[in-house]
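Here is how names work: the chains are called A, B, and so on, in the same order as the sequence lines, proteins then strands, and each is numbered from 1.
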Protein chains: 2
Amino acid sequence: MGKQMTEMLKGTLEGIVLAILSRRPAYGYEITTRLREMGLTDIVEGTVYALLIRIEQRGLADVERHPSEKGPPRKVYSLNAQGQAYLEEFWQTWSLLTAQLKQLHEGEE
Amino acid sequence: MGKQMTEMLKGTLEGIVLAILSRRPAYGYEITTRLREMGLTDIVEGTVYALLIRIEQRGLADVERHPSEKGPPRKVYSLNAQGQAYLEEFWQTWSLLTAQLKQLHEGEE
DNA sequence: ACTGGTACATAGTAGCACAGAGTAGTCGCA
DNA sequence: TGCGACTACTCTGTGCTACTATGTACCAGT
């Protein structure tokens, strides 16, 4: 992946994953797949798992183990109230930043 | 500053500063002031200077020293061709990311 | 037996913004 | 003369994040 994208993802990837979880519960492998489908093709599996563990430890999501037809059991994450609040805060911060960048970009020439 | 904003700025602050420089040359203290004016009130001086040094070392900007009426001489940075190209790449990456997040945000509920 | 897909985990690395402190020059004021 | 306020730049150390590169484990199809 481009280095620029890598750096930009710091701080946003977390929000992206939380947003995915806010729609419906999901597990790591599934999330990785979905990220790839939506164009974030080069996100590494290990990154997602590490992120999910962080999310769990901060109490933003609850975890349940579900047996899988294939391979080891899945760890299904579902966003809880605290996670929802955190996500809303994320969207606020994000819209602030985009507004500022938009202003910069438009006034460019 | 909020921790979320701090993390989001990783990778974007560089682009922001380059965008400021693309309008007209500027020096560190001036850039800090301008960032504060545009709402990024809590960005630390040291961060900006460190970023400028990085920009210089990568050859994205040229530097000239100008004596100041007040205080030590200013280091005036001006974006060069390479920096301009890098900035354009930044905008592309940025618009890609915003498009993906917009999609996620709108399809939320 | 072997390959490939599913699913999770982790040790080490690099990059970035922040905290905090320091260095220097100029000016105004008591 | 001494002090604070403002301008302007520099540096060390810390914490957080995504990546690299592996490894583990389970199952299906050939």
Any idea which of [options] is nearest the [X] side chain?
X	options	value
B:Tyr29	D:dA8, C:dC18, C:dC16	D:dA8
A:Pro72	D:dA25, D:dC19, C:dG15	D:dA25
A:Tyr49	C:dA9, C:dC16, D:dA18	C:dA9

Is there a side-chain polar atom (N or O) of [X] under 4.0 Å from OP1 or OP2 of [N]?
X	N	value
B:Arg54	C:dA17	yes
A:Thr47	D:dC19	yes
B:Thr6	C:dA17	no
B:Tyr27	D:dA8	yes

Ring geometry between A:Trp94 and B:Trp94 (parallel below 30°, tilted from 30 to 60°, perpendicular above 60°): tilted
Interatomic distance, A:Tyr77 atom OH to A:Leu51 atom CG [nearest 0.5 angstrom]: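 So the gap between those two atoms works out to 9.5 Å.
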Value rounded to 0.5 Å, distance of CG in B:Leu104 from OG1 in A:Thr12: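 B:Leu104 CG to A:Thr12 OG1: 11.0 Å, rounded to 0.5 Å.
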Side-chain donor/acceptor contact of A:Lys3 with base of C:dG15 under 3.5 Å: no
C:dC27 base / B:Lys70 side chain donor-acceptor hit below 3.5 Å: no
Most 5' of A:Leu13 and A:Gly71 on DNA chain D, judged by nearest nucleotide: A:Leu13
Please give, in whole Å, the distance from [N] [atom2] to [X] [atom1]?
X	N	atom1	atom2	answer
B:Ile16	C:dC16	CD1	P	14 Å
A:Arg58	D:dC16	CZ	C1'	9 Å
A:His66	C:dA7	NE2	P	13 Å
B:Glu69	C:dG28	CD	P	13 Å
A:Leu51	C:dA9	CG	P	13 Å
A:Glu56	C:dC8	CD	C1'	12 Å
A:Ile43	D:dA18	CD1	P	9 Å
B:Arg74	D:dC6	CZ	P	17 Å

Residue pair A:Lys10, A:Glu7: steps toward the salt bridge (charged side-chain N to carboxylate O under 4.0 Å, His left out) verdict: CA-CA 5 Å; A:Lys10 294 185 180 181; A:Glu7 291 306 324; 3.4 Å; yes
Looking across every strand, which nucleic acid part, if any, lies under 4.0 Å from [X] by heavy atom: base, sugar-phosphate, or nothing?
X	answer
A:Glu45	base
A:Leu52	nothing
B:Gly46	base

Side chain to side chain donor-acceptor pair (under 3.5 Å): pairs with one or both residues in residues 44-56 of chain A, sequence neighbours excluded: none
Non-hydrogen atoms of B:Ile43 and B:Arg36 that approach each other most closely: O-NH2, 2.5 Å
Which residue lies more 5' along DNA chain C, comparing A:Pro73 with A:Lys10 via nearest heavy atoms: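 Whichever sits nearer the 5' end wins; that is A:Pro73.
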